[in-house]
Amino acid sequence: MNPNNNHLVIMAGGVGSRFWPVSTVQRPKQFLDIMGCGKSMLQLTLERFGDIVPIENVWVVTGASFADMVREQLPEVPAENILLEPCGRGTAPCICYVSWKIKMRNPRANVIVTPADHNVKDEETFRLSIRETVNFASETDAIVTLGMKATYPATGYGYIRADLRYPALRQRNIFRVDSFREKPDEETARGYIRQNNYYWNAGIFVWNVSTIVNAFRVYSREISAIFESLVSVYDTPQEQERINEIFPTCPKISVDYAIMEHAEEVFVYPVDFGWSDVGTWGSLHEQLPKDAHGNAVVGNDVHVVESENCIVHTTTCKSVVVQGLDGFIVVEKDGNLLIAKMTEEQRIESFH
């Protein structure tokens, strides 16, 4: 495998604000230092891929309103590799657009697609998994997704059911996908966990660029025709104008619905490297280091006393003392304060 053939696509267009009061629609979590390490989720995502992909082969697809933040946080990424969506239409149009751009540059490219706002604890194992998956995809016509070890009956994730009876001939750690399952209710999720062939769907994909372009031609003809029609304007001054005109006409659909659930050569690589989509304060609590009482803290002068299983995230306060709480979220940002039970987090959005 030639590393110069490897391309990385970071999807950074999400506008979620579930991390209120830290994140907002104008500055969603992928652009924030949620982990308290001095780097944004977007920066950590790029850093995670180390020497797997040359920087000139890194692509970021984001909303037009986030362009300046991407350029500020990832100045090393070539400006022409930052693609701007005029509106959100789901991951299928996003991936089809960037796939055509990559194909025109290198028809033999291997492509890794990843969200910009996930976290990984064991980065060494992560990189090993990515390398093995890219090797497999480069030698086959396979579409590969990473299946995350399901450690609890999550109802906020989609699931992948793998056929573990027959590993792929070229890579014994990779198996055919039997089916994709939507976000389940708790009882169904518990049933998945009791079996050993269900994995969380993290939305991390690996394929050869010709494989995915052909898949769009077969399984999502409308989207394929839209971006194939723009071949003559890619990398010209007219590209952004034409994208602004035609992108809103795309069906709003995920690549899971458009391609993954229909394609035949779909495989999963089961992995366990401490993955989380960090979609809630509770999931962030699980990812952060904790003291002997299960408290996780992000902030400079935070004192947690006689408290257990809390997360305290206060980067703008001079000093914070939390006493006598069990299982609470305490977050302050720019004069906005959140104090809530972690078990009631889903209700928070309705109050702001």
Parallel, tilted or perpendicular, as decided by the 30° and 60° cut-offs, for the rings of His118 and Trp275
perpendicular
Do Phe227 and Phe216 have ring centres separated by under 6.0 Å?
no
Kindly determine whether Arg71 and Glu76 satisfy salt bridge (charged side-chain N to carboxylate O under 4.0 Å, His left out), including the steps that lead there.
CA-CA 8 Å; Arg71 296 187 187 108; Glu76 65 271 44; over 6 Å; no
Aromatic contact, Phe136 with Phe267 (centres under 6.0 Å)
yes
Sidechain N-carboxylate O distance under 4.0 Å for Arg131, Asp51
yes
Just to verify, what does Asn295 make a side-chain hydrogen bond (donor to acceptor under 3.5 Å, both in side chains) with, not counting sequence neighbours?
Asp291
Donor on one side chain, acceptor on other, Asn5 and Asn110, under 3.5 Å
no
Is any NZ, NE, NH1 or NH2 atom of the basic residue among Glu187 and Arg190 found under 4.0 Å from an Asp or Glu carboxylate oxygen of the other?
no
Kindly determine whether Phe31 and Phe66 satisfy ring pair (Phe, Tyr, Trp, His ring centres under 6.0 Å), including the steps that lead there.
CA-CA 9 Å; Phe31 301 108; Phe66 303 144; 5.3 Å; yes
Would you please test Trp281 and Phe19 for ring pair (Phe, Tyr, Trp, His ring centres under 6.0 Å) and show each step?
CA-CA 7 Å; Trp281 287 112; Phe19 275 89; 4.7 Å; yes
Sub-3.5 Å donor-acceptor pair from the side chain of Arg89 to the main-chain atoms of Cys250, do we have one?
yes
Pairing of Lys29 and Asp117 as salt bridge, 4.0 angstrom limit
yes
I'd like to know whether Asn197 forms a side chain to side chain donor-acceptor pair (under 3.5 Å) with Asp163, so could you lay out the CA-CA distance, the side-chain angles of the two residues, the decisive distance to 0.1 Å, and finally the verdict.
CA-CA 7 Å; Asn197 63 330; Asp163 184 348; over 6 Å; no
Hey, can you tell me if Tyr152 and Tyr157 have their rings parallel, tilted or perpendicular (30° and 60° cut-offs)?
tilted
Let me know which of Ile112, Ile130, Val268 forms a side chain to side chain contact (heavy atoms under 4.5 Å, CB included) with Leu146.
Ile130
Any idea which heavy atoms bring Cys317 and Val320 closest together, and the distance?
CB-CG2, 3.6 Å
Could you check whether Gln73 and Ser40, counting side-chain N and O atoms only, form a donor-acceptor pair closer than 3.5 Å?
yes
Whether the Asn81 and Arg105 side chains hold a donor-acceptor pair (N or O, under 3.5 Å, no angle test) is what I'd like checked.
yes
